[in-house]
Engineer: 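Quick one: this structure, given as structure tokens, is what I'll be asking you about.
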Amino acid sequence: MAVPPQPLSNRNKKHFLGVPAPLGYVAGVGRGATGFTTRSDIGPARDANDVSDDRHAPPAAKRPKKSEEEEKEEEEDLNDSNYDDFNGYGGSLFSKDPYDKDDAEADAIYEAIDKRMDEKRKEYREKRLREELERYRQERPKIQQQFSDLKRDLAGVSEDEWKTVPEVGDVRNKKQRNPRAEKFTPLPDSLLSRNLGGEATNSIDPNSGLASMVPGASTPGMLTPTGDMDLRKIGQARNTLMNVKLSQVSDSVTGQTVVDPKGYLTDLQSMIPTYGGDINDIKKARLLLKSVRETNPNHPPAWIASARLEEVTGKVQAARNLIMKGCEVNHQSEDLWLEAARLNPADTAKAVIAQAARHIPTSVRIWIKAADLEEETKAKRRVFRKALEHIPNSVRLWKAAVEIENPEDARILLSRAVECCPSAVELWLALARLETYENARKVLNKARENIPTDKQIWTTAAKLEEANGNHPMVEKIIERAITSLSSNGVEINREQWFKEAIESEKGGHIHCCRAIVRSIITCGVEPEDQKHTWMEDAEHCVNQGAFECARTVYNIALQAFPGKKSIWLRAAYLEKNHGTRESLENLLQRAVAHCPKSEVLWLMGAKSKWLAGDVPAARGILSLAFQANPNSEEIWLAAVKLESENKEYERARRLLAKARGSAPTPRVMMKSAKLEWSLNDLNGALQLLDDALKVFPDYPKLWMMIGQIHEQRMDMSKAFDAYNSGIKKCPNSIPLWLLLSHLEEKRGLLIKARSVLEKARLKNPKNDVLWLEAIRVEVRAGMRDMAHAMMAKALQECPQSGILWAESIFMEPRPQRKTKSVDALKKCEHDPHVLLAVSKLFWSERKIGKCREWFQRTLKIEPDLGDSWAFWYRFEQLHGTKEQQEEVKQRCLAAEPHHGELWCSVSKLIENVGLNTEQTLKAVAKEVAIPV
């Protein structure tokens, strides 16, 4: 019989469609799919021999318990085949014997030995286990690991290749693939409000919007409300109900509510116990503390801890009951009574403290707590006086009692206090302050008799004499103090006495501080160490702001070492920074009398007179300096500068001519040429420079000036010749190389400029200034890539160069600048150029406060860097107030900066010769480029 042909649809149908999946089947497991693996599929989805990763470890199988009969029947195998020479029998020979204490002790010893041996082998065992696991993973990798290289290759697949990958077909039938969602139609509010109870209706309201959807249909079962529903009215009713509840707790007399409606919930929240721990912990702690209390009821900390536990959990009343019970048991513990007073309200606490005072009348803390609980001053006084009846020798109680009295009553109390507590220095001193001058002297004398070993009484007596104008007695009292204390066995500590002198100066007792310094300065100092020790003392006093103490130290040092120029200079700088002009000039007059060969002292005196506007006096000082130092270059140049600053150019020329005759130094020759140059006599300047070069051919500044004058005349070839000749004579002069490079760049010969700088680096290796100029040449030429490469080389050769790191910060793009600045600060933490660059970085980011802070940090490290002052001044002009600008300017005038690339480029210009510091600051600030 022929088999009828199958229909076409059945022929193409896959054999597994409609058949349930086999047990443990996971779709796509062959190609590494794990996204839809469930807990029940984890077992079959892995290889049987694979190492489990313990995330879904199967529960350990329970061993079936043996019945008692089987255990009885089971006998130990004592056959020879079950015996081993090392381990003995496989079973236990004595398992049926009773297990006593000796067996337990032996087992414990063996267990400890096994544990110790296991600890020794633990590290090796774990290492071996890791190695075996790693080796196993290499031999039998997971499916996911096998395809990891292919997954990494997917990163190189292009978008077009992705699009050509065929989609995985979904073989489910259409109904399963596209389940039709149930459709719901939202009902309007009008229908809900109309059908919320009441009568039944079988028709749809035509206004509801349902009539058009279901024409002719009826709606049975809906109920009609008896009235309209208004949600807004429900909200108003709720607010009304809350108002009624709040009004119930209102004050019936004044009509004001005692509950804050806004903070109602907050107040309720605050009533909840703040402890957020586990309730089981509280129960355990409560049980433990109860055991402690019952075991040792006379242990106060147990009662306090129990009460605080109840307080933390919100049971304040239970805490009060506990602490009061503890007070009954331990009525001699002041800690318990004080804790009880803390836990109870104010009224109850007063009664508790009164009871405590009856039990422990000699406790100072209880009496002070009793006074604190009183609100009226009169009641406090009564408490303190009652306390002093019981404890008359308590200094703390006397001090507390005196503090609340008026001065007259306090004086009476203190007179009684020093009788009861004769060794309390504070009470004696307080009484002396309240007494009159004569009575205070008597009080201090009595205090010295009672306490002969305290220096504070002596210093107070000295201050008392100074305050009443008896200055000669101050020195005598301090000298007696040192003698008396030494005789009474008190060690004379220089540091403590200097500290006392500094405090005296800060308190306005100048004579007292001078007397202390004079009396103490030689104590414990060997003669050969005096100068060094005294200078350290003076520096310490200056750092503490005690300038009068430092001045006294310097005066004593100058009396002992009048010929030491360094001491005179230190004293002069102290007067210059913290003294008056008159005191400085008086000191310098004494200084030059003792050190006439010291040029610096003469020049400081002349400058002080000149700054005060007394030019004739300054000339007089310099003439005296000439007599003491006839051929001094510094004094000649100072005299020339004095005349130049006062526009006396003819006198300056005559002085320079004399100087060239008597002291023909390179600086004198250079200053002579510069004066002619500044007066626009270029030929005269060139003539002087030519004469100077015949005598001093290796002085680089002369060659520089010749080249710059030729540049000013636009005679580039002569300038080039001058710089070239200078480099041959002075190959180590960096400014000469830079000027030659600039000249070549001006002439448009970039390759020659590079060649000059490369030659300079060969002659002067590891020079950061030359590297910096080479980098800037590339930046100006637009070769930023080459500039970055050169910067990398430069930082390798000069890793600690601040100017290179500062330049590198702003060569980076904005996002990388902060990272670069961190690297720069690690390499050059205290370099002012790096700190200035960080300040400019904050400026570019408009972080005003941080920028100002970093400017201050920069100038604290190097106040002589003029660029920092110019940038800060420009910053304050843009972002600060007038007061801040003035403060920066005044600080700059005090520092008198002379260095800095931008500062020197402006101040050294020949047209700016003669500008003072303020004018230079403003000129340089105009040239400052705002960082971006």
Side-chain angles (χ1 to χ4, degrees), residues 6-58 129-186 782-789 791-792 808-823 844-845 932:
Q6 294 182 353
L8 185 63
S9 60
N10 290 340
R11 194 182 307 156
N12 294 332
K13 188 175 180 181
K14 304 294 183 184
H15 70 279
F16 51 79
L17 293 179
V19 179
L23 185 65
Y25 170 74
V26 177
V29 74
R31 63 174 183 271
T34 57
F36 296 93
T37 302
T38 62
R39 183 179 294 275
S40 62
D41 298 320
I42 286 173
R46 286 185 174 273
D47 195 295
N49 296 323
D50 211 354
V51 177
S52 173
D53 55 1
D54 291 338
R55 289 182 299 170
H56 308 290
L129 185 62
R130 283 197 299 270
E131 290 174 354
E132 287 178 359
L133 185 62
E134 190 174 354
R135 187 167 59 252
Y136 181 82
R137 284 294 184 204
Q138 289 175 356
E139 294 172 358
R140 302 288 301 277
K142 296 181 182 177
I143 295 175
Q144 185 177 358
Q145 292 172 345
Q146 290 176 2
F147 287 95
S148 60
D149 55 340
L150 298 176
K151 285 185 179 180
R152 282 195 295 272
D153 293 342
L154 289 177
V157 177
S158 66
E159 190 175 350
D160 295 334
E161 290 174 339
W162 274 115
K163 288 180 180 177
T164 58
V165 175
E167 294 288 338
V168 178
D170 192 347
V171 296
R172 294 179 299 163
N173 59 32
K174 187 176 180 182
K175 193 174 288 184
Q176 287 176 327
R177 285 203 309 270
N178 302 317
R180 189 168 181 176
E182 296 183 34
K183 294 182 179 178
F184 299 96
T185 302
M783 307 283 188
R784 297 197 70 84
D785 293 339
M786 193 176 289
H788 278 286
M791 177 61 78
S808 69
I809 290 173
F810 283 92
M811 284 177 65
E812 296 290 332
R814 283 184 71 91
Q816 278 84 44
R817 285 180 185 175
K818 189 170 285 186
T819 308
K820 198 73 173 178
S821 66
V822 172
D823 296 339
S844 67
E845 294 174 355
V932 290

Engineer: To the nearest 0.5 angstrom, please state how far the CD atom of Glu812 sits from the CZ atom of Arg817.
Structural biologist: 9.0 Å
Engineer: Quick check: do His788 and Ser808 have side-chain heavy atoms less than 4.5 Å from each other?
Structural biologist: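 No - every pair of side-chain heavy atoms lies 4.5 Å or more apart.
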Engineer: Looking at every non-hydrogen atom in both residues, tell me the closest pair between Gly156 and Glu161 and how far apart they are.
Structural biologist: O-OE1, 4.4 Å
Engineer: Could you work out, with salt bridge (charged side-chain N to carboxylate O under 4.0 Å, His left out) as the rule, every residue matching Glu132, not counting sequence neighbours?
Structural biologist: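 Glu132 satisfies salt bridge (charged side-chain N to carboxylate O under 4.0 Å, His left out) with no residue once adjacent residues are dropped.
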Engineer: How far does CG of Leu154 sit from CH2 of Trp162, to the nearest 0.5 angstrom?
Structural biologist: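 Answer for the CG-CH2 pair, Leu154 versus Trp162, is 5.0 Å.
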Engineer: Who pairs with Met786 by side chain to side chain contact (heavy atoms under 4.5 Å, CB included), at least two apart in sequence or on another chain?
Structural biologist: Arg754, Glu778, Met783
Engineer: Enter the distance from Arg135:CZ to Glu139:CD here, rounded to the nearest 0.5 Å.
Structural biologist: 6.5 Å
Engineer: Heavy-atom count around Asp153 CG within 6.0 Å, excluding the residue itself: above 12?
Structural biologist: yes
Engineer: Got a second to check how far Arg784's CZ is from Met811's CE, nearest 0.5 Å?
Structural biologist: 6.0 Å
Engineer: Going through the checks in order, is the side-chain contact (heavy atoms from CB on, under 4.5 Å) test met by Glu845 and Lys818?
Structural biologist: CA-CA 11 Å; Glu845 294 174 355; Lys818 189 170 285 186; 4.1 Å; yes
Engineer: List in chain and number order the residues that pass side chain to side chain contact (heavy atoms under 4.5 Å, CB included) with Pro813, two or more places apart in sequence or in another chain; answer none if no residue qualifies.
Structural biologist: Pro815, Gln816
